[in-house]
Amino acid sequence: MRHLPYFCRGPVVRGFGRGSRQLGIPTANFPEQVVDSLPADLPTGIYCGWASVGGGPVLPMVASVGWNPYYGNAKKSVETHIMHTFKEDFYGEILNVAIVSYLRPEKNFDSLESLISAIQGDIEEAKKRLDLPEHLKLKEDSFFQVPKGKIMNGH
């Protein structure tokens, strides 16, 4: 996919509140400006890559880019699930994301259980892909060494 890896950065904003509450899979959400700056031809779907919050460690992540058909969103979103247990919310912190691999297209689900199961499968697939040398090296990318507080898109 020609846009990958794709790097983006922005403050964490409140999303729909579904990730933690309904799915048990918390997500960090980007503001509209970051979502709107994605390449117009970047396919919607599920991706994996690396993320850091507020200059913290670089951790594996999966991200949904698109409309979330199960919920019928009116606006495109980027919802990032970082594979780490955080002790507290981090709204307002700067989220740095390197999207490195496309996992699957967006699709609708007939139940919340099947959606949760698919996300858990995405997480397992992401762990395998991120272990590949070409993806693992992006964890060390200089993008993640940018000084705290600097907001920008691209690389």
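What you are looking at is a predicted structure, and each value in this text was computed from that prediction instead of being measured.
A distance of 4.0 Å separates CD1 of Ile119 from CD1 of Ile25, quoted to the nearest 0.5 Å. Taking NE2 of His135 as the start and CG of Leu4 as the end, the distance is 8.0 Å to the nearest 0.5 Å. Distance CG/Leu95 to OG/Ser52: 7.5 Å, rounded to 0.5 Å. With rounding to the nearest 0.5 angstrom, the NZ atom of Lys137 is 11.5 Å from the CG atom of Leu132. Between the CD atom in Gln33 and the SG atom in Cys8 there is a gap of 13.0 Å [rounded to 0.5 Å].
For the side-chain hydrogen bond (donor to acceptor under 3.5 Å, both in side chains) test, no residue two or more places apart in sequence or in another chain qualifies with Thr80. For Glu124, the salt bridge (Lys or Arg N to Asp or Glu O under 4.0 Å) partners two or more places apart in sequence, or in a different chain, are Lys127. Contacts of Glu125 classified as side-chain contact (heavy atoms from CB on, under 4.5 Å), with partners at least two apart in sequence or in another chain: Leu103, Lys128, Arg129. Applying the side-chain contact (heavy atoms from CB on, under 4.5 Å) test to Phe90 and every residue at least two apart in sequence or in another chain returns Val12, Ala28, Val53, Ile82, Phe86, Glu93. Listed by chain and number, the residues in a side-chain contact (heavy atoms from CB on, under 4.5 Å) with Lys76 are Val35, Thr44, Val65, Trp67 (sequence neighbours excluded). A search for side-chain hydrogen bond (donor to acceptor under 3.5 Å, both in side chains) contacts involving Asn29 returns nothing, not counting sequence neighbours. Residues passing the salt bridge (Lys or Arg N to Asp or Glu O under 4.0 Å) test with Glu32 are Lys75, sequence neighbours excluded. Ser114 pairs by the side-chain contact (heavy atoms from CB on, under 4.5 Å) definition with Phe109, Asp110, Ser111, not counting sequence neighbours.
Shown here for Val34 and Gly10, the closest heavy-atom pair between the two residues is CG2-CA, 4.1 Å. Nearest heavy atom pair, residue Ala98 against residue Phe144, reads CB-CZ, 3.8 Å. Residues Tyr6 and Ser37 approach most closely at OH-O, 3.4 Å, considering heavy atoms. Nearest heavy-atom pair across Phe7 and Leu138 is CZ-CD2, 4.2 Å. Of all heavy-atom pairs spanning Pro60 and Leu130, the tightest one is CB-CD1, 3.6 Å. The minimum heavy-atom distance linking Pro5 with Val100 is given by the pair CB-CG1, 4.2 Å.
The salt bridge (charged side-chain N to carboxylate O under 4.0 Å, His left out) pairs that include a residue from residues 33-49 are Arg2-Asp41, where partners are two or more places apart or lie in different chains. Sorted by first then second residue, the salt bridge (charged side-chain N to carboxylate O under 4.0 Å, His left out) pairs that include residues 54-68, not counting sequence neighbours, number zero.
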* Asked: How far apart are the C-alpha atoms of Trp50 and Leu136, what are their side-chain angles, what is the distance that settles it, and do they pass the side chain to side chain contact (heavy atoms under 4.5 Å, CB included) test?
  -> CA-CA 9 Å; Trp50 303 103; Leu136 206 49; 3.9 Å; yes
* Asked: Where do Arg9 and Ile94 land on the side chain to side chain contact (heavy atoms under 4.5 Å, CB included) test, with the steps shown first?
  -> CA-CA 7 Å; Arg9 170 179 294 125; Ile94 299 300; 3.5 Å; yes
* **Residues Ile116, Leu23; criterion side chain to side chain contact (heavy atoms under 4.5 Å, CB included); working and verdict** => CA-CA 6 Å; Ile116 292 168; Leu23 304 174; 3.7 Å; yes
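At least one side-chain heavy atom of Pro31 sits under 4.5 Å from a side-chain heavy atom of Pro11. Within the 4.5 Å cutoff, no side-chain heavy atoms of Met83 are placed close to those of Leu59.
Follow the hydrophobic side-chain contacts under 4.5 Å out from Val13 and you never reach Met61; the two are in separate clusters.
Ring orientation note: the planes of Tyr102 and Tyr47 are nearly perpendicular, at an angle over 60° on the 30°/60° scale.
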